Amino acid sequence: MPRIDLIETTLLDIPTIRGHVLSMTTMTAQSVVLVRVRFDDGSEGIGEGTSIGGLSYGGESAESIKLAIDHYIAPALMGHDGNDINGAIGIIERTVRGNPIARCAIEIALWDGLGRRLGVPVAQLFGGAVRPAMPVAWTLASGNSATDIAEAEAMIEARRHNIFKLKIGKRDLKSDIAHVGAICAAVGDRASIRVDVNQAWDLATARRGVAMLEEIGVELAEQPVRAEFLRDLKALTDTSRLSIMADEVLQGPIDAMRVAANRSADVFAVKIGQSGGLRRGSEVIAIGQAAGLGLYGGTMLEAGVSTAAALQLFSTVETLQWGTELFGPLLLKDEILAEPIRYADFCVHLPQGPGIGVALDPDKVRFYRRDRGATLAPTGS
Ligand SMILES: O=C(O)C[C@H]1C=CC(=O)O1
Ligand SMILES: [Mn+2]
């Protein structure tokens, strides 16, 4: 029995290729918590926990993810059978409430370790991949319409993306609609245009906004209203011809059930981090499927490790009506994987090989680790 004998976390700060403007914050760097789990048979697994904009997007930050793992999850899991992932999930959930991204980070490493020991991809442990590649959206969020149009043109030309998600909700409705309209007019029928409001609108604004977006050819609006206001999300879904996607409201299968039960949304943005891991993510997917909702593989703008883990799970889903947005590594200025995930022909390709199918570049990890300065600084002062 391969017992867990070491759990190590490393916090990295990696600059983004440009400012990423969301309704609640502008990102210029992404903070990533890497997890390494070692088992006493010498095998290892890696995981990642990544959030957005410190604590401005949700209830977890890189620092809180690291703390939850180092101080609570790691001590509780020490000595546990690495092959017993369901048992480990039980221990983690009894030890730590909330904190779904921290829980996910460690679970990824457990699946990676198990896959590597068995010599199979994690997708195989979830029944096997039904597709080798998935459509992948890109987020246009430079904060400037002309820059976004140029970016969209370049992506279509390179055959990298023809699905674009526009981040809105920071500016007044009129400016946002003008911005989205300009992008829709520029790309025409060469791309699918969606928007993500990240909870910024009240119901009155959302009603007007969604109606205007529909007029200009937008296909879908993601989380237009606050996650807590499920009644408002449902009101929009009931009356809008645009598809409404649930994102921040989905913090695992219990929320998924609440949203599905009264059809408060048309589509689930399934995120392994927000769901609390691959196992709970697979349950969110099952609930969405059983309710006849559309599915979309979402991201917390994760680096390569968590993106690879999400790809392992989403590759096993029968129908991903809305594709994925697993482009996180492309938003970062530098690659931390030894071999990057492949993006081509408007798709992201499932990495091959055992476990999650990717390995870290140790030099890059060393370079971007937050405590690098501390490690190099003279001690004793
Ligand atoms: O969906 C979100 O709210 C978070 C994230 C995903 C893509 C992106 O640009 O931001
Ligand atoms: Mn979203």
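Read the numbers this way: they start at 1 and go in the same order the structure lists the ligands and their atoms. Here the structure is a predicted model, which is why all the values come from computation and not from measurement.
Taking the Mn ion (ligand 2) as reference, the nearest N/O/S atom within Asp196 carries the name OD2.
Remark: ligand 1 atoms within the under-4.0 Å shell around heavy atoms of His20 are 8 (C), 9 (O). Every atom of ligand 1 with a heavy atom of Asp196 under 4.0 Å away is listed here by number and element: 1 (O), 2 (C), 3 (O). Within the listing of ligand 1, atoms 1 (O), 2 (C), 3 (O), 4 (C), 5 (C), 8 (C), 9 (O), 10 (O) sit less than 4.0 angstrom from a heavy atom of Lys167. Atoms of ligand 1 lying under 4.0 Å from at least one heavy atom of Thr139, given by number and element, are 7 (C), 8 (C), 9 (O). Atoms of ligand 1 found under 4.0 Å from any heavy atom of Glu325, numbered from 1 in the order shown, are 1 (O), 6 (C), 7 (C). Applying the 4.0 Å criterion to heavy atoms of Thr299 picks out, from ligand 1, the atoms 4 (C), 5 (C), 6 (C), 7 (C). Interface of Glu222 with ligand 1, defined as ligand atoms under 4.0 Å from a residue heavy atom, comprises 1 (O). Listed by number with element, the atoms of ligand 1 under 4.0 Å from a non-hydrogen atom of Asp247 are 1 (O), 2 (C), 3 (O).
What sits closest to atom 3 (O) of ligand 1 on the protein, heavy atoms only, is Tyr57 OH, 2.6 Å. Lys165 NZ, 2.8 Å is the protein heavy atom nearest to atom 1 (O) of ligand 1.
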Next item on the list: Please test Glu151 against Trp138 for side chain to side chain donor-acceptor pair (under 3.5 Å), starting from the C-alpha separation and ending with a verdict.
Entry: CA-CA 10 Å; Glu151 212 172 277; Trp138 175 253; 2.6 Å; yes
Note to self: Does Thr237 form a side chain to side chain donor-acceptor pair (under 3.5 Å) with Asp266? I'd like the steps, not just the answer.
What the structure shows: CA-CA 7 Å; Thr237 303; Asp266 301 302; 4.8 Å; no
Margin query: With side chain to side chain contact (heavy atoms under 4.5 Å, CB included) as the criterion, how do Thr147 and Arg18 come out once you've worked through the C-alpha distance, each side chain's angles and the decisive distance to 0.1 Å?
Written below: CA-CA 11 Å; Thr147 309; Arg18 56 151 167 74; 5.5 Å; no
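To the nearest 0.5 Å, atom OG1 of residue Thr10 and atom CD1 of residue Ile46 are 11.0 Å apart. Between Ser51 atom OG and Glu302 atom CD the span is 9.5 Å, to the nearest 0.5 Å. Here the straight-line distance linking atom CD1 of Ile7 with atom CG of Leu77 works out to 5.0 Å at 0.5 Å rounding.
Here the shortest heavy-atom pairing between Glu153 and Arg190 reads OE2-NH2, 2.8 Å. Between Ser43 and Asp41, the shortest heavy-atom contact is OG-OD1, 2.6 Å. Scanning all heavy atoms of the two residues, the minimum distance from Glu222 to Ala269 falls at OE2-CB, 4.4 Å. Residues Leu233 and Pro224 come closest through the heavy atom pair CD1-CD, 3.9 Å.
Rounding to 10 degrees, one finds that the Mn ion (ligand 2) sits at the corner of an angle of 90° between Asp247 OD2 and Glu222 OE2.
For atom 4 (C) of ligand 1, the nearest non-hydrogen atom from the set Ile52, Val197, Leu331 belongs to Ile52.
Residue-ligand proximity: Gln223 is placed with every non-hydrogen atom at 4.0 Å or more from ligand 1.
Only the side chain of Lys271 comes within contact range of ligand 1, with a heavy atom under 4.0 Å; no backbone atom does. Counting heavy atoms under 4.0 Å from ligand 1, residue Trp138 does not touch it at all.
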